[in-house]
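These notes concern the structure reproduced below.
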There are 2 protein chains.
Amino acid sequence: MDTRTLCLGVLNRGDASGYEIKKSFEEGPLAHIHEASFGAIYPALTRLSDEGMVDCHEYAQDKRPDKKVYSLTEKGRSALEDALHAAPAPDKVRSDFLFMLFFAQLLPVERLAALIDARIAWYDEILERMTSCEELPKRPAGERFVHGFGLTIYRAARDYLIKNRAALLAECRGADQSAAE
Amino acid sequence: MDTRTLCLGVLNRGDASGYEIKKSFEEGPLAHIHEASFGAIYPALTRLSDEGMVDCHEYAQDKRPDKKVYSLTEKGRSALEDALHAAPAPDKVRSDFLFMLFFAQLLPVERLAALIDARIAWYDEILERMTSCEELPKRPAGERFVHGFGLTIYRAARDYLIKNRAALLAECRGADQSAAE
DNA sequence: TCCAGCATATATCGATGCGATATAGATTTG
DNA sequence: CAAATCTATATCGCATCGATATATGCTGGA
């Protein structure tokens, strides 16, 4: 799934600027599903515009760069539908957190604890934000389904960390001591 | 977490070639935690070798390219530890599957069903592989913790799909019909 | 009150990394 | 017996990331 298709997807939900598209991958309902950087989004929008997939309206703003708001054309919408009919590439996950925990025995126990606690706090924050979203019932079925999926996974992850934190720390403390002996 | 650090991590578990490092991100216990392509791994190993982070032993093989087996040096091991002490970058997820489901209303219901069924089958396969792993109890605490985390998440994801599949399809069927009227 | 830091907003650039491809014999599968 | 997959290294073009530049408004703490 390239950045152009991602942009088409966001624009299908409503007109947006490059900046707003970026934000929607950070905070909105698309957060943690996919992401893209400015360095990918701005060139993608320029190219989509050249190809007639999106229209661009420039709004002059006092003492700021013009805001360029993009909207999906019919051609863009049908390109999005085509892309959605291709086979999905396998998920890609890159988790420094899990990579670090994997090497728990190389870390001081206090750092391990801090890492896990920060992660639990992060899940709490996200779950709070996700459950307090009020316009959710009005959103299409697909969005609600994905939202529910996210909630389920984050809750399971958080619960696992809380339930197994103590055992991991105890084991690592034990290993530390027997190594020191 | 750059590819060089990922390679150091894999080599900390035992000597390996570039090919084996790649595989360990696809099948081994590090699967779905992080990944890297050949185009990133081979240059990374060359550079790690230049920097004295790894040693390289070449084994001549009949009628095949030499196999280059890398092993961690003391310097490499301490570089890995340093990297593990830095703050973890936030997780990056790129899921075409969830992105597609998000736009469920743009897809034919049969395709939606096929997408979800394929995903459930994928989870079943992975869970089967993860639970049938026998040398697990001998692995260090960190590896077992991460393994348990993966099991928990995959089970939760699979259960969610099974439980909510029918409702999503029904809703989309309903929306299709009212749009056709 | 002032200033630091963050938000808005677009854009570019160097470094990094992906995905496809080349090569080539061995091994498995239909 | 052929086709496909596996082992194994390596490179190349293109996409993408993350940092930075630019410019200004807003907000909160010393």
Side-chain angles (χ1 to χ4, degrees), chain A residues 1-8 10 15-28 34-51 54 56-70 83 86-96 99, chain B residues 1-8 10 15-28 34-51 54 56-70 83 86-96 99:
Chain A
M1 194 79 74
D2 62 22
T3 307
R4 300 211 320 287
T5 307
L6 296 178
C7 289
L8 293 177
V10 174
D15 296 354
S17 63
Y19 185 81
E20 286 161 348
I21 290 173
K22 176 90 198 299
K23 263 202 312 182
S24 79
F25 288 118
E26 280 162 0
E27 296 166 26
H34 249 289
E35 48 192 303
S37 67
F38 286 129
I41 290 171
Y42 284 117
L45 287 171
T46 303
R47 195 167 146 192
L48 284 171
S49 196
D50 290 344
E51 294 167 341
V54 300
C56 175
H57 295 269
E58 255 175 271
Y59 296 99
Q61 298 188 112
D62 262 7
K63 315 261 190 178
R64 275 198 197 186
D66 292 354
K67 185 170 174 173
K68 293 184 184 171
V69 175
Y70 295 87
D91 287 12
K92 281 163 226 327
V93 178
R94 316 188 126 243
S95 174
D96 281 13
F99 190 79
Chain B
M1 193 80 73
D2 61 22
T3 307
R4 300 212 320 289
T5 307
L6 296 179
C7 289
L8 293 177
V10 174
D15 297 355
S17 64
Y19 184 79
E20 287 161 347
I21 290 173
K22 176 90 198 300
K23 264 202 312 181
S24 79
F25 288 117
E26 280 162 0
E27 297 166 25
H34 248 290
E35 48 192 304
S37 68
F38 286 129
I41 290 171
Y42 285 118
L45 287 171
T46 304
R47 194 166 146 194
L48 284 171
S49 196
D50 290 344
E51 293 168 343
V54 300
C56 174
H57 295 269
E58 254 175 272
Y59 296 98
Q61 298 186 112
D62 261 6
K63 315 261 191 174
R64 274 199 198 185
D66 293 355
K67 184 169 174 174
K68 293 185 186 172
V69 175
Y70 295 86
D91 286 11
K92 279 163 230 321
V93 178
R94 314 188 128 243
S95 174
D96 281 12
F99 189 78

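Just so it is clear, the structure is predicted and the values come from calculations on it, not from any experiment. All values below were derived from every heavy atom in this structure, side-chain atoms included, with hydrogens, water molecules and symmetry-related copies excluded.
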From NZ of B:K67 across to P of D:dC6 the rounded distance in Å is 16 Å
Atom CG of B:L45 and atom P of D:dA10: how far apart are they, to the nearest Å? 9 Å
Could you pick out which residue, B:E20 or A:T3, lies toward the 5' side of DNA chain D when each is mapped onto its nearest nucleotide? B:E20
Classify A:R4 by what it touches in the nucleic acid, base, sugar-phosphate, or nothing, heavy-atom distance under 4.0 Å. nothing
Within the 4.5 Å heavy-atom criterion, are B:K92 and A:E35 side-chain neighbours or not? yes
Is B:L6 close to B:I41 at the side-chain level, that is, under 4.5 Å between some pair of heavy atoms? no
5'-most contact on DNA chain D (nearest-nucleotide basis), B:K68 vs B:R94, goes to B:K68
B:E26 CD - C:dC18 P separation (whole Å): 12 Å
Near DNA chain D, which residues from residues 34-43 of chain A have a heavy atom under 4.0 Å away? A:E35, A:A36, A:S37, A:G39, A:A40
Whole-Å gap separating C1' (D:dA8) and OH (B:Y70): 12 Å
Grab the CZ-P distance between A:R47 and D:dT16 for me, whole Å please. 9 Å
Checking all strands, does A:K22 fall into the base, sugar-phosphate, or nothing category for heavy-atom contacts under 4.0 angstrom? nothing
Quickly work out the A:D2 CG to C:dC18 C1' distance and round it to whole Å. 13 Å
For A:S17 and C:dT10, is the shortest distance between a side-chain N/O and OP1 or OP2 below 4.0 Å? yes
Applying the side-chain hydrogen bond (donor to acceptor under 3.5 Å, both in side chains) test to B:K67, which of B:E20, B:H57, B:E58 qualifies? B:E20
Is the ring pair B:F38/B:Y19 parallel, tilted or perpendicular, if the boundaries are 30 and 60 degrees? parallel
Check whether any side-chain N or O of B:S24 sits under 3.5 Å from a backbone N or O of B:I21 as a donor-acceptor pair, and report yes or no. yes
How many angstroms lie between OH in A:Y42 and SG in A:C7, if you round to the nearest 0.5 Å? 10.5 Å
Nearest whole Å is fine: how far is C:dT8 C1' from A:Y19 OH? 5 Å
Indicate yes or no for a side-chain donor-acceptor contact from A:D15 to the backbone of A:V69 under 3.5 Å, with no hydrogens or angles considered. no
Euclidean distance, atom NZ of residue B:K92 to atom C1' of D:dT16 [Å, nearest integer]: 12 Å
